[in-house]
Amino acid sequence: MMDTGELAAGPPFSSESRHCEEAKPTKQSMPPLLLPWIAGRSIECRLGYSIVRRFAEELWLMEDRKSARSVIQDAIAAQDWTQWLRPPSSPEWRIPAELKNILDVHDEPSSWQSVMNTEYAFGNSESGTYYPAVVPAIPILALIVQHGEEWPRWTAIEILHDWLFSFYPEQKQGWVIDTNLPAVDLQRLVQAEILNLQSIFEEIGKRDDLSKGQRSYIDDFLTGLDDDR
C-alpha cells in the first residue's frame, strides 16, 4: 500500500495532463468507489484536470477527518480555476473560497447559505444556471461527500443535486472548449460526471444513522439518478 508521503511528491497536475495515458487503477491501489473517477479515459484526462486521483488516494489512506479536511483544501487550491469560464460577477478568488467554506458548514442555516453562495460563484442560483467551471468542481464536491463531516457532506450533495436536476448551462456557455479536443456539451458532461458518483450516494443510503428526512432525500436522489440514465 502506498503512503501519503509518496502521493504528496510531485505536482498535482502537469502540463501533459491534456494528453494523459489511459489510467489503469487496480483493486489493490484504489477503493471501488473511486474507480469511476479515474478508470479509462476519464474526464480528468479528457479536459486536463488531474487532481482527483492523487487527492482521492490520499483521502482513502486517511481515517482522521481533520486530515481529510486538509487534503480537500489542498485539492481545491491545486486546481487552476482561472482556466475555466466563470460568471463575470465571480472574481478569481470566489470559487475556491466558497468550496473551502463548505467545509465549515455546521448547521442548517450555514448549509443553506453555503449552497446559495457556491451556486452563485459558479453561475446564477436564482435562474438555475452554471458556467463551465462546475466541471472540475464536481469531483471536489464528491470528495466532500465521501470524506467530509456530516453538514459539509449534505451541503455538497445538495449542490450536486441542484446542478443535475434543476440547473442548466448559462446562455452561450453550453460548450466546454479545449484547444486539443472537440468541444464538449456542458450539460451532458455535468450529468455524466454526477451520474458516475451513484455508487457513493448508494453507500450513504445504506447507513443506519440517517434521519427520516435524510433517507427520503437520498432515496429520491437515487431514483432521479436511475431515471436520468
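From a predicted model like this one, the values you see are computed outputs, not experimental measurements. Just the heavy atoms: all of them, side chains too, but no hydrogens, waters or symmetry mates, feed the values below.
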Would you say the side-chain atoms of Arg86 pair up with the backbone N or O of Ile95, donor to acceptor, closer than 3.5 Å? no
Show the atom names and distances, to 0.1 Å, of all donor-acceptor pairs under 3.5 Å that link a side chain in residues 107-117 to residues at least two apart or in another chain.
residue : atom : partner : partner atom : Å
Asp107  : OD1  : Ser110  : N            : 2.9
Asp107  : OD1  : Ser110  : OG           : 2.7
Ser110  : OG   : His106  : N            : 3.0
Ser110  : OG   : Asp107  : N            : 3.1
Ser110  : OG   : Asp107  : O            : 3.0
Ser111  : OG   : Thr155  : OG1          : 2.7
Gln113  : NE2  : Asn117  : OD1          : 3.0
Asn117  : ND2  : Gln113  : O            : 3.4

Is any side-chain N of the basic residue among Arg69 and Asp104 closer than 4.0 Å to the acidic one's carboxylate O? yes
Smallest heavy-atom separation, Val105 atom then Trp151 atom, equals O-CB, 3.4 Å
ILVMFWY cluster, Leu195 and Val184 together (side-chain gap under 4.5 Å): yes
Within the supplied structure, the quantity of interest is the number of heavy atoms (other residues, nucleotides, ligands) at a distance under 6.0 Å from Arg188 CZ; does it exceed 12? no
Point-to-point distance, once rounded to the nearest 0.5 Å, from CG of Asp185 to CG of Leu189: 8.0 Å
Taking side chain as C-beta onward, heavy atoms only, is Ile138 less than 4.5 Å from Leu197? yes
May I ask you to decide whether Glu149 forms a salt bridge with Arg153, counting only side-chain N to carboxylate O separations under 4.0 Å? no
Is Tyr130 close to Leu186 at the side-chain level, that is, under 4.5 Å between some pair of heavy atoms? yes
Hphob cluster co-occupancy, Trp154 + Leu222, side-chain heavy atoms under 4.5 angstrom: yes
With heavy-atom distances below 4.5 Å as the criterion, would you say the side chains of Leu99 and Trp81 are in contact? yes
Rounded distance (nearest 0.5 Å) linking atom CZ of Arg207 with atom CG of Leu210: 5.0 Å
Would you tabulate the side-chain donor-acceptor contacts of residues 156-173 under 3.5 Å, counting partners in other chains and residues two or more places apart, or write 'none'?
residue : atom : partner : partner atom : Å
Glu158  : OE1  : Tyr217  : OH           : 2.6
Glu170  : OE1  : Thr129  : OG1          : 2.6

Do you know which two heavy atoms are closest between Ile140 and Ala75, and how far apart they sit? CD1-O, 3.9 Å
Separation of Lys206 NZ from Glu202 CD (nearest 0.5 Å): 6.5 Å
Nearest 0.5 Å please: distance from the CZ atom of Arg215 over to the CG atom of Asp220. 12.5 Å
So, are Arg94 and Glu119 salt-bridged, with charged N and O less than 4.0 Å apart? no
Step through it carefully: locate the ring centre of Phe122, locate the ring centre of Tyr131, and say whether they are under 6.0 Å apart. no
Please examine the side chains of Ile72 and Lys100, heavy atoms only from C-beta on, and report whether any two atoms are closer than 4.5 Å. no
side-chain hydrogen bond (donor to acceptor under 3.5 Å, both in side chains) evaluation trace for Asp209 with Gln214: CA-CA 9 Å; Asp209 60 343; Gln214 289 173 332; over 6 Å; no
What is the distance from atom CD1 of Ile204 to atom CZ of Phe221, rounded to the nearest 0.5 Å? 9.0 Å
Residue pair Pro87 / Ala121: nearest heavy atoms and the distance that separates them: CD-O, 3.3 Å
Could you go through Thr82 and Glu92, starting from their C-alpha distance and side-chain angles, then the distance that decides it, and tell me whether this counts as side chain to side chain contact (heavy atoms under 4.5 Å, CB included)? CA-CA 7 Å; Thr82 63; Glu92 182 179 324; 3.4 Å; yes
Using the test side-chain hydrogen bond (donor to acceptor under 3.5 Å, both in side chains), find all partners of Ser90 that sit at least two apart in sequence or belong to another chain. none
